[in-house]
Amino acid sequence: MDVRQIVESLVLSAVRRKRGGWGMEVELPVSVEIPRQESHGDFSTNAAMQVARHLHRKPREIAAELVAALREEDREGRIASLEVAGPGFINIFLSEDVWRETLARALAAGPRFGSSRVGAGQAVHLEFVSANPTGPLHVGHGRGAAVGDALARILEFTGHRVVREYYVNDVGNQMDNLGRSLLARYREACGRPSILPEDGYRGEYMVELAEAVRAEVGDRYADAADESALPFFRREAGDRILRGIREDLAAFRVSYDRWFPEQELHASGEVTAALAKLRDRGQVYESEGATYFRSAELGDEKDRVLVRGDGRTTYFAADIGYHSRKVAEGYSRMIDIWGADHHGYVSRLRAALKGLGEDDGRLTVLLIQFVTLIRDGKAVQMSTRSGEFTTLREVLDEVGVDAARFFYLLRSYHTHLDFDLTLAKTQSRNNPVYYIQYVHARISSIFREAEGRGETLGEHPPLSILTLPEETRLMKAVARFPDVVSECVKTLEPHRIPFYLLEVADLFHAFYHQHRFLGETPERTQARLALALAVRTVVATGLSLIGVTAPERM
RNA sequence: GCGCCUGUAGCUCAGGUGGAUAGAGCAGCUGCCUUCUAAGCAGCGGGCCCGAGGUUCGAGUCCUCGCAGGCGCGCCA
């Protein structure tokens, strides 16, 4: 059990023990926090203040009673000392043994340290990126990919069954437009006069695609009529671009369990079925030739069109079909990761789930804010209209996968991200990803050296001699890892992992300079090696949760 | 106009369910390599937490109203 959980349950039992005597019938939530200041204990609780407020008594009086109760509850002797402080905090100082025991548990658990079963029995559907196959992924998509993939890893680490899915919008106007754009570029490549559609895709990648197509089929379609050539070019454009997207994501170490084509929803009749269900439930009406969904009654700003005047369904209609399929597949939770520009769509989709009679509480939509690339202190300009944007691939080629993933996850996705390419490329302390990886490489180096000296880590290292404040601080940092992981699961915020790793790295590098691991007394060397191994474990595991490698050498 | 996100050190950002003296990196300055990796360490400055009210024993955190930036508000996807 996580140290924090131990303390929480101690405080909870103490409160319960006293409740009767206080004549308190309700159960108050207790909260335990790690104080900012070390001198305020390993943990502190404001339980006494909460109770005091409820009973209209003096907080410090209650605190004194709780302290006594805590002492009685602590049968294992985990608490070293307790104090009442400030307005009524109870500061809890744990016995050093607690950290050593946790260290031993970390060593025993190895790569499983920090994992849990909290998600056992839960199936989570995670949809992320899902960029339209009309062009290569750009840096914004990269952020969604990094966040989605990290969340998937974290959820799996905590016992959830995760299905990662990419929804491919391979239907509609845009694919038509894409096909026309490619055809135009192809004719150009064949030396024929051609004009790009008014709202066509103008990016340079379309020119390259056209050349690739021509390399395969020659001039066969150079003089073909639009109608006969278009199906081929539509398919060709979509397929090739999607293939590029898959390759980019694979290069970014992002994999999916399923690439779900929108076409399949239409072919299977699921879109029609979902609309029929809405209709049966009285959620649909006709107006001016179109079919509307009464979403305004369900929390949306206004009613939305499902079927256009010309009989074609909207993107929204397909998405209703898609999400009712997810519901039917029985996930306990659905997480959609979207770009911030889609936020207006959230209430619409929720309305749809409600309209279908489903609980929209199972759906969580994470909105990822925008990314600005910074090079040499200046923003890199991007314009989607002209098709000129920096691709994910370009960033990967420039800074590498590890740095890219790390930088994407170093900020909460609630906030705009300034991605500093210059910094991501530098190989020094300035670059936090190397700073962390260096811990792993250093510790690996220590073990290589130890092996050379014939000093291997034994079965039962004498952890009890780890008594220095610096050693304790490191042990506490290791012990906090499971808590960080569960916090990520609760908040669905993976940026907590890199921040934690930075703290661990800080502590380790400082320790490394102040103390030695090898060449101490045999007992001390054993204990220090054990500590090093545990640090390496949490660093390796933490990095793996965000998809960053942990090198043995640098 | 309405909605969502954001506003914390010169810059980029952390600051679970409200807690005690608000943190880190960058940038600037000063030291430290005969040692298990200097991709490292130690130190020095730096703050009206956008503003105004409110709730509370206690507010960077919650509420209201402003201000500023970003993004949306299609029978596009």
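Here is the naming used below: chain letters follow the sequence lines, and residue numbers restart at 1 for every chain. Excluded from the calculations below are hydrogen atoms, water molecules and symmetry mates; all remaining heavy atoms, backbone and side chain alike, are included.
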Which nucleotide, if any, forms a Watson-Crick or G-U wobble pair with B/C48, using both distances under 3.5 Å? none

Scan A/Y438 against the nucleic acid and name what it touches under 4.0 Å (heavy atoms): base, sugar-phosphate only, or nothing. base

Using atom CD of A/E470 as one end and atom C1' of B/A42 as the other, report the distance to the nearest whole Å. 13 Å

When the distance from CG of A/L421 to C1' of B/U12 is rounded to whole Å, what number comes out? 14 Å

Please state the C1' separation for the pair B/C62 and B/G43 - nearest whole angstrom. 40 Å

Does any nucleotide pair with B/A27 by Watson-Crick or G-U wobble geometry, both distances under 3.5 Å, and what is it? none

Counting any heavy atom closer than 4.0 Å, what does A/V32 reach on the DNA or RNA strands: base, sugar-phosphate only, or nothing? base

Show your working on side-chain contact (heavy atoms from CB on, under 4.5 Å) between A/V51 and A/R57 and close with a plain yes or no. CA-CA 8 Å; A/V51 170; A/R57 290 185 49 194; over 6 Å; no

Applying the side-chain hydrogen bond (donor to acceptor under 3.5 Å, both in side chains) test to A/N91, which of A/E83, A/H40, A/Q37 qualifies? A/E83

In whole Å, what separates the P atom of B/A52 from that of B/G60? 13 Å

Strictly below 4.0 Å: does A/Y435 bring a side-chain N or O up to OP1 or OP2 of B/C41? yes

Check whether the side chains of A/D506 and A/Y435 place a donor and an acceptor atom closer than 3.5 Å, and report yes or no. yes

From the options A/H323, A/E262, A/K326, select the one residue that forms a side chain to side chain contact (heavy atoms under 4.5 Å, CB included) with A/Y167. A/E262

What is the nucleic acid contact for A/N177, judged by heavy atoms within less than 4.0 Å: base, sugar-phosphate only, or nothing? nothing

Using atom CZ of A/R442 as one end and atom P of B/C33 as the other, report the distance to the nearest whole Å. 15 Å

According to the Watson-Crick and G-U wobble definitions, with both distances under 3.5 Å, which nucleotide is paired to B/G60? none

Pairwise C1' distance, B/G7 and B/C75 [rounded to whole Å]: 38 Å

Within residues 511-525 of chain A, those residues having any heavy atom closer than 4.0 Å to RNA chain B are A/Y512, A/H513, A/H515, A/R516, A/F517, A/L518

Strictly distance-based, threshold 3.5 Å: is any side-chain N or O of A/H266 a donor or acceptor partner for the main-chain N or O of A/Q263? no

How should the glycosidic conformation of B/C29 be described, syn or anti, under the criterion that syn lies within 90° of 0? anti

Check A/F157 against A/G114 and note the closest heavy-atom contact, atom names and distance. CE2-C, 3.3 Å

From A/D319 atom CG to A/S324 atom OG, the distance as rounded to the nearest 0.5 Å: 10.0 Å

If you take atom types as modelled and just measure distance, does the side chain of A/H414 reach the base of B/C5 with a donor-acceptor pair under 3.5 Å? no

Atom C1', compared across B/A14 and B/U61: separation rounded to whole Å: 13 Å

Of all residues at least two apart in sequence or in a different chain, which pass the side chain to side chain contact (heavy atoms under 4.5 Å, CB included) check with A/Y285? A/S287, A/Y292, A/R294, A/D303

Rounded to whole Å, how long is the line connecting atom CD1 of A/I368 with atom P of B/U6? 12 Å

Spacing of the C1' atoms in B/G19 and B/U56 (rounded, Å): 12 Å

Considering Watson-Crick and G-U wobble pairs with both distances under 3.5 Å, what does B/G3 pair with? B/C71

A/F499 CZ to B/C26 C1', straight-line distance once rounded to whole Å: 13 Å

A/A441 near the nucleic acid: base, sugar-phosphate alone, or nothing, with a heavy-atom cut-off under 4.0 Å? base

At under 4.0 Å, does any side-chain N or O of A/H495 touch on OP1 or OP2 of B/G15? yes

Would you tabulate the nitrogen or oxygen pairs shorter than 3.5 Å linking the protein to nucleotides 60-63 of chain B?
none

Inter-nucleotide C1' distance (B/G23, B/G46), Å rounded: 13 Å

A/E198: side chain to side chain donor-acceptor pair (under 3.5 Å) partners, not counting sequence neighbours: none

Please state the P separation for the pair B/G47 and B/G10 - nearest whole angstrom. 7 Å

B/U21 pairs with, by Watson-Crick or G-U criteria that keep both distances under 3.5 Å: none

Can you measure A/I374 atom CD1 to B/C13 atom C1' for me and round it to whole angstrom units? 13 Å

Separation between the P atoms of B/C4 and B/U64, rounded to whole Å: 10 Å

N/O-N/O pairs, protein side and nucleotides 57-59 of chain B side, under 3.5 Å:
from, atom 1, to, atom 2, distance (Å)
B/C57, N4, A/R53, NH2, 2.9
B/G58, O6, A/R53, NH2, 2.7

So which atom in A/A352 and which in A/L278 form the shortest heavy-atom distance, rounded to 0.1 Å? O-CD2, 4.3 Å

Indicate whether the side chain of A/N169 and that of A/Q174 have a donor and an acceptor atom separated by less than 3.5 Å. no

Dump every N/O contact between nucleotides 75-77 of chain B and the protein below 3.5 Å, one line per pair.
from, atom 1, to, atom 2, distance (Å)
B/C75, O2, A/G309, N, 2.8
B/C75, N4, A/E288, O, 2.9
B/C76, OP2, A/R308, NH1, 2.5
B/C76, O5', A/R308, NH1, 2.9
B/A77, OP1, A/R308, NH1, 3.3
B/A77, OP1, A/R308, NH2, 3.0
B/A77, OP2, A/Y315, N, 3.1
B/A77, O3', A/Q174, NE2, 3.2
B/A77, O2', A/N132, OD1, 3.0
B/A77, O2', A/N132, ND2, 2.5
B/A77, O2', A/Q174, OE1, 3.4
B/A77, O2', A/Q174, NE2, 3.4

